[in-house]
Q: 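Below is the structure I would like to discuss, written out as structure tokens.
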Amino acid sequence: MNVGSSAVSAPGECGFFHGGEQQGTAGGCRAAISWPDAKGVRLRHGEDRGKLCVSRASEECEYRHGELKIRDDPVEVGFHVVLAVGLEDYLRGVAELPDDWTAPGVNEAQAVTARSYAAFNFFQSETGTRPADPDEDPGISSSRKDRCWCHLYDSWRDINYIGWAKETRSNGQPWLDGVETTRDRVLTYFGDEWEKFTKGGIVQTFFSASSGGITRSNVYGFRTVRDGRTSAREWPYLRPVADPWDLDPAVGNPHASWEKRVSAAAVAGWLGWDEVTEAVLEVRASVSSPTQVRFRGVRDGAPVSVTIAGDGLRTGLGLKSSNITAIDGMAPPDDPEDPTTDDGDGAGEGNGDGGNSNEDEGQDPAEPPESDHFDDDNGGVHEPSINRLAEAGVLEGTECGDGLICPAEPLLRWVMAVWMTRVLDQAPPAPAAQTRFEDVASEAWWAGYVERLADLEVTAGCSTEPLRYCPDRPVTRAQMAAFLVRAFDLPPAESAGFDDTAGTLHEANIDAMAAAGVTMGCSTEPLLYCPERPVTRDQMATFLVRALDLVSGTTN
């Protein structure tokens with residue numbers, strides 16, 4: 001199993017540096033480093049780059065097991081550094097559970113869950129039979145090679161892996177015992193259609209900081225559901241069950257109760273409405289139903305309403321749990337026939353980081369923007385996304401005037417190329433000496449961005465004979481779906497149920513975006529996507545931020 005992060009070297013070749021000076025001669029970007037007779041190795045990432053080991057206070061990473069492999073980066077100039085390590089050795093370095101969780105069975109349960117998660121993702125990333133020679137291409141999918149040449153990241157994007165540091169902790173023995181006691185054990189399912197929902201019988205497992213007293217299915221725990229519509233099919237092995245221990249004071253769960261204040265204006269902005277007039281908790285979470293909240297309000301002068309399941313509220317409003325027990329102190333009556341209904345204040349299903357709204361016109365209102373970059377987007381629901389991209393330098397040079405971003409104007413294809421390339425690549429592309437597209441002049445400052453987007457196979461242009469890019473043409477919402485699916489490697493999904501996308505060219509891309517939570521369409525009653533409508537500049541900012549958060553991860 002490869003656990004990886006990336007590093008960058010000089011163009012065309014790779015070398016080792018110490019104190020800013022190259023050691024030896026540069027060569028090809030493939031190498032392996034092993035330490036059979038050593039106690040371990042330490043890695044320090046360059047000071048001009050982000051921390052390699054974000055889970056630690058220092059920049060040093062310590063590994064005792066496995067072999068470090070350097071593999072060329074197929075996308076940008078540089079290379080990936082990955083740790084090839086056996087599954088059991090990998091698990092010993094996992095640090096999901098607090099060290100003081102020593103109750104019988106806790107570490108064992110987490111070990112089996114983490115092993116199942118790792119094994120499922122290992123087989124999901126493999127595209128062929130693994131060769132006997134470890135230096136040969138292991139068959140990892142092209143998208144994984146582009147990103148890290150690894151099966152798993154060593155952070156909360158997959159599992160928090162800290163290597164030797166976990167094994168050497170003075171109070172880490174209960175975890176090591178749990179791994180050893182459950183050696184080779186994974187969770188499996190061989191019921192109806194097991195081949196469709198598993199990898200060789202191994203199930204996809206998930207875990208979080210708290211369940212809120214009830215575990216969730218994939219539909220109500222990992223998908224946003226509005227008015228009963230969801231594109232996800234419930235996995236037969238992931239059923240909701242009562243989890244009373246999560247709320248037991250003796251367990252000491254810090255997320256056992258919580259409260260969040262969100263203004264009506266913020267909720268209206270998230271929903272894309274003019275006004276929210278009422279929010280009613282209609283159904284409390286149980287093993288048979290998720291939390292359901294009915295919102296009523298006004299949009300474009302007309303009354304509207306929508307029912308949203310708990311996970312949509314958790315991600316959209318930055319809540320700590322999808323299990324909500326009261327709104328403004330009002331709660332529906334408990335069901336005396338349901339033993340899982342509790343009298344608490346709710347519980348965290350994640351670590352409280354929240355997430356982004358799944359409504360196209362909505363935006364996470366949990367925190368105000370740190371700074372305001374433009375004068376013409378004040379109060380807009382997409383302002384936080386615009387400011388976030390501006391802070392990262394993504395919008396530089398695409399402003400429409402001094403202090404103006406023109407949020408409601410259609411996004412042109414050349415602007416899209418600049419924004420998306422900057423989000424995907426940390427470094428700007430080289431100036432284009434020549435371009436492949438007949439209608440893109442190499443003198444244009446943004447020509448290199450169009451070329452880079454084509455190199456990444458995100459765009460093939462707007463016509464092939466002759467080859468054109470149509471830089472001044474607006475991007476439609478359907479085209480935008482295709483760009484985002486290619487750029488962020490969103491997996492295919494079942495139909496999202498939009499009434500206006502069936503049979504269209506980009507239907508599969510739109511369904512993939514919806515399943516990933518990047519879009520919920522342009523209308524909920526009826527459920528529409530508006531594929532031919534031009535995407536505006538502010539909407540594109542939010543789409544990019546959501547997609548970026550999706551691949552970088554916000555919670556475990």
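In this chain, numbering begins with 1 at the start of the sequence shown.
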Q: Holding to side chain to side chain contact (heavy atoms under 4.5 Å, CB included), I want the full list of residues that pass it with Val283, two or more places apart in sequence or in another chain.
A: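 Testing Val283 for side chain to side chain contact (heavy atoms under 4.5 Å, CB included), a comparison that skips the adjacent residues, returns Ser289, Gln292.
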
Q: Got a sec, which residues hit side chain to side chain contact (heavy atoms under 4.5 Å, CB included) with Pro474, two or more places apart in sequence or on another chain?
A: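 Pro410, Leu412, Pro534.
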
Q: Taking the side chain as C-beta and beyond, is there a heavy-atom pair between Leu411 and Trp419 under 4.5 Å?
A: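 Yes; the side chains approach each other to less than 4.5 Å.
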
Q: List the steps, then state whether side-chain contact (heavy atoms from CB on, under 4.5 Å) holds for Trp235 with Gln204.
A: CA-CA 10 Å; Trp235 298 333; Gln204 184 166 12; 3.8 Å; yes

Q: Would you say Asp100 has more than 12 foreign heavy atoms packed within less than 6.0 Å of its CG?
A: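 Yes, enclosed.
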
Q: Going by the rule side chain to side chain contact (heavy atoms under 4.5 Å, CB included), which residues pair with Asp243 if we only count those two or more places apart in sequence or in a different chain?
A: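 Ser211, Thr215, Trp245, Asp246.
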
Q: Tell me whether Arg388 contacts the main-chain N or O of Thr542 through its side chain, where contact means a donor paired with an acceptor under 3.5 Å.
A: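 Answer holds: no.
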
Q: Could you tell me whether the side chain of Val415 reaches within less than 4.5 Å of the side chain of Val418, counting heavy atoms only?
A: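 Answer no - side chains too far apart.
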
Q: For Asp248, what residues pass the salt bridge (Lys or Arg N to Asp or Glu O under 4.0 Å) criterion, not counting sequence neighbours?
A: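 Expected list: none.
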
Q: Taking the side chain as every heavy atom from C-beta outward, state whether Val304 and Trp273 have any pair of such atoms under 4.5 Å apart.
A: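 Yes, their side chains come closer than 4.5 Å.
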
Q: Answer yes or no: is there a side-chain heavy-atom contact under 4.5 Å between Gln479 and Arg413?
A: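 Yes; the side chains approach each other to less than 4.5 Å.
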
Q: So, for Phe197 and Phe120, which heavy atoms are closest and what is the spacing to 0.1 Å?
A: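 So the minimum-distance heavy-atom pair works out to O-CE1, 4.2 Å.
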
Q: What residues, two or more places apart in sequence or in another chain, satisfy side chain to side chain contact (heavy atoms under 4.5 Å, CB included) together with Val203?
A: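 Checked Val203 against side chain to side chain contact (heavy atoms under 4.5 Å, CB included); matches are Leu187, Tyr189, Thr198, Thr205, Tyr237.
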
Q: Looking at every heavy atom in both Ala512 and Ala493, which two are closest together, and how far apart are they?
A: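 Heavy atoms only, the tightest pair is CA-CB, 4.2 Å.
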
Q: Which heavy-atom pair separates Arg422 from Leu395 by the least distance, and what is that distance?
A: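 That would be NH1-C, 3.8 Å.
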
Q: So which heavy atom on Arg294 is nearest to which on Val306, and how close?
A: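 Smallest interatomic distance, heavy atoms only, reads NH1-N, 3.2 Å.
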
Q: Enumerate the salt bridge (Lys or Arg N to Asp or Glu O under 4.0 Å) contacts for residues 190-205, please, sequence neighbours excluded, ordered by first and then second residue.
A: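 Matches after skipping sequence neighbours: Glu193-Lys196, Glu193-Arg233.
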
Q: Could you tell me which residues satisfy salt bridge (Lys or Arg N to Asp or Glu O under 4.0 Å) with Glu278, sequence neighbours excluded, listed by chain and number?
A: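 Residues passing salt bridge (Lys or Arg N to Asp or Glu O under 4.0 Å) with Glu278: Arg296.
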
Q: Within a strict 4.5 Å, meaning less than it, do heavy atoms of the Lys260 and Val262 side chains meet?
A: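 Yes, at least one pair of side-chain atoms sits under 4.5 Å.
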
Q: Quick one: are Ile308 and Phe295 in side-chain contact, heavy atoms under 4.5 Å?
A: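 Result yes, sub-4.5 Å side-chain heavy-atom pair found.
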
Q: Identify, with sequence neighbours excluded, every residue that meets side chain to side chain donor-acceptor pair (under 3.5 Å) alongside Asp274.
A: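 In terms of side chain to side chain donor-acceptor pair (under 3.5 Å), with neighbours along the sequence ignored, Asp274 is linked to no residue.
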
Q: Please list, one pair per line, the donor and acceptor atoms closer than 3.5 Å that link side chains of residues 105-114 to other protein atoms, with sequence neighbours excluded.
A:
unit_1: Asn107; atom_1: ND2; unit_2: Trp101; atom_2: O; d: 2.9
unit_1: Glu108; atom_1: OE1; unit_2: Gly105; atom_2: N; d: 3.3
unit_1: Thr113; atom_1: OG1; unit_2: Ala109; atom_2: O; d: 2.9

Q: Can you find a pair of side-chain heavy atoms, one from Arg477 and one from His506, that are under 4.5 Å apart?
A: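 Counting from C-beta outward, Arg477 and His506 never come under 4.5 Å.
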
Q: Which heavy atom of Met513 sits nearest a heavy atom of Val485, and at what distance?
A: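 Heavy atoms only, the tightest pair is CG-CG2, 4.1 Å.
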
Q: Side chains of Arg533 and Thr476: do they bring a donor and an acceptor to under 3.5 Å?
A: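 No, no side-chain donor-acceptor contact under 3.5 Å.
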
Q: Taking ring-ring contact (aromatic ring centres under 6.0 Å, His included) as the definition, give me every residue that meets it alongside Phe498, ordered by chain and number, with sequence neighbours left out.
A: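 By the ring-ring contact (aromatic ring centres under 6.0 Å, His included) rule, Phe498 matches Tyr529.
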
Q: State which residues pass salt bridge (Lys or Arg N to Asp or Glu O under 4.0 Å) with Arg537; sequence neighbours excluded, sorted by chain then number.
A: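 Partners of Arg537 by the salt bridge (Lys or Arg N to Asp or Glu O under 4.0 Å) criterion come out as none, since no residue qualifies.
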
Q: Going through the distances and angles, do Thr536 and Gln539 end up as a side-chain hydrogen bond (donor to acceptor under 3.5 Å, both in side chains)?
A: CA-CA 5 Å; Thr536 60; Gln539 290 170 351; 3.3 Å; yes

Q: Check the side chains of Thr291 and Arg284 for a donor-acceptor pair under 3.5 angstrom, ignoring hydrogens and angles.
A: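 No, no side-chain donor-acceptor pair sits under 3.5 Å.
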
Q: What pair of heavy atoms forms the shortest contact from Asp500 to Pro531, and how long is it?
A: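 Taking every non-hydrogen atom into account, OD2-CD, 3.3 Å.
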
Q: Could you pull out all residues at least two apart from Thr459 that satisfy side chain to side chain donor-acceptor pair (under 3.5 Å)?
A: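 If we apply the side chain to side chain donor-acceptor pair (under 3.5 Å) test to Thr459, skipping adjacent residues, there are no hits.
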
Q: So do Ser385 and Asp538 actually touch side chain to side chain, heavy atoms under 4.5 Å?
A: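 No, side chains not in contact.
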
